[in-house]
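First listed ligand is number 1; within each ligand, the first listed atom is number 1.
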Amino acid sequence: MNGVAGNLEELRRRIEAASRRVGRDPQDVKLIGVSKTVPAERIREAAAAGLRRFGENYVQEASRKIEALGDLSVEWHFIGHLQTNKAKQAVGRFHWIHTVDRLSLAREIDKRCNAVGKPLPVLIQVHLGDEETKGGVSPEDLENLFDAVQTMEWLEVRGLMAIPPFLENPEAVRPFFRDLRRWLDRLRQKALHPEKLTELSMGMSHDFEVAIEEGATFVRVGTAIFGPRRS
Ligand SMILES: *Cc1c(COP(=O)(O)O)cnc(C)c1O
């Protein structure tokens with residue numbers, strides 16, 4: 001067993017190598033440690049080893065940990081399916097929301113941001129492939145949702161996120177990553193602020209290197225940092 005610090009060191013090496021393979025600056029790939037089910041003390045350990053961004057899937061679980069770790073200066077990213085009635089709690093706690101996938105949710109987040117007077121960077125989650133992975137706007141509805149979200153007062157739409165189907169061979173996931181990047185390119189054509197539309201949140205423990213080769217700017221890595229989750 002390596003421990004969290006050793007795992008992080010190894011990950012940084014792999015992120016750097018994948019970036020170099022395609023001529024990217026490794027600094028442009030931001031690592032998010034996915035800490036769902038991981039106790040606060042292990043998150044603290046990862047922060048001590050230099051990890052600055054954490055991803056959580058459940059508002060309730062995250063709220064407890066964010067409070068317990070309030071002394072750390074880290075960024076919290078919401079990456080789970082967000083119920084509209086949890087938007088208020090999420091807005092007060094998270095620095096980014098990756099999973100805006102419907103108009104009603106976007107409106108509710110915007111309203112809650114207005115109430116606290118703070119803008120929030122968000123990503124639109126796109127449903128790629130016909131797996132039964134939950135969440136994500138269908139590609140057909142993406143442009144309409146984007147048009148609506150980009151004119152909202154408090155939401156700063158910064159890019160796209162996807163959870164492609166899990167496939168044994170990470171190479172088989174490449175076309176999904178490529179698709180997401182193409183969608184981002186397409187949206188940039190019609191964006192009011194194309195220079196702000198820069199982020200692609202894609203790639204997990206088993207396929208993040210392929211995602212980086214295809215342009216990921218956020219990779220969401222859980223088990224490769226914290227070990228297997230007890231379910
Ligand atoms: C759990 C989760 C991850 C991390 O998955 P690993 O395979 O443990 O790296 C990434 N993104 C989302 C949306 C998740 O729910």
Pair R102, T84 - check side chain to side chain donor-acceptor pair (under 3.5 Å), show working.
CA-CA 10 Å; R102 58 198 188 278; T84 307; 3.1 Å; yes
I'd like to know whether E16 forms a salt bridge (charged side-chain N to carboxylate O under 4.0 Å, His left out) with R12, so could you lay out the CA-CA distance, the side-chain angles of the two residues, the decisive distance to 0.1 Å, and finally the verdict.
CA-CA 6 Å; E16 171 144 354; R12 293 213 174 88; over 6 Å; no
Could you tell me whether the side chains of D110 and W154 share a donor-acceptor contact shorter than 3.5 Å?
no
Would you please classify the geometry between the H98 ring and the F218 ring as parallel, tilted or perpendicular, with 30° and 60° separating the classes?
tilted
Sequence neighbours excluded, every pair satisfying ring-ring contact (aromatic ring centres under 6.0 Å, His included) that has a member inside residues 34-64:
F54-W76
Report every pair formed by an N or O atom of ligand 1 and a protein N or O atom separated by less than 3.5 Å, giving atom names and the distance to 0.1 Å.
| unit_1 | atom_1 | unit_2 | atom_2 | d |
| --- | --- | --- | --- | --- |
| ligand 1 | 8 (O) | T223 | N | 2.9 |
| ligand 1 | 8 (O) | T223 | OG1 | 3.2 |
| ligand 1 | 8 (O) | R229 | NH1 | 2.9 |
| ligand 1 | 8 (O) | R229 | NH2 | 3.2 |
| ligand 1 | 9 (O) | S205 | N | 3.0 |
| ligand 1 | 9 (O) | S205 | OG | 2.5 |
| ligand 1 | 9 (O) | G222 | N | 2.8 |
| ligand 1 | 11 (N) | R220 | NE | 2.9 |
| ligand 1 | 15 (O) | K36 | NZ | 2.6 |
| ligand 1 | 15 (O) | N57 | ND2 | 2.7 |

Distance in Å, R186 CZ paired with L160 CG, rounded so as to fall on 0.5 Å steps
11.5 Å
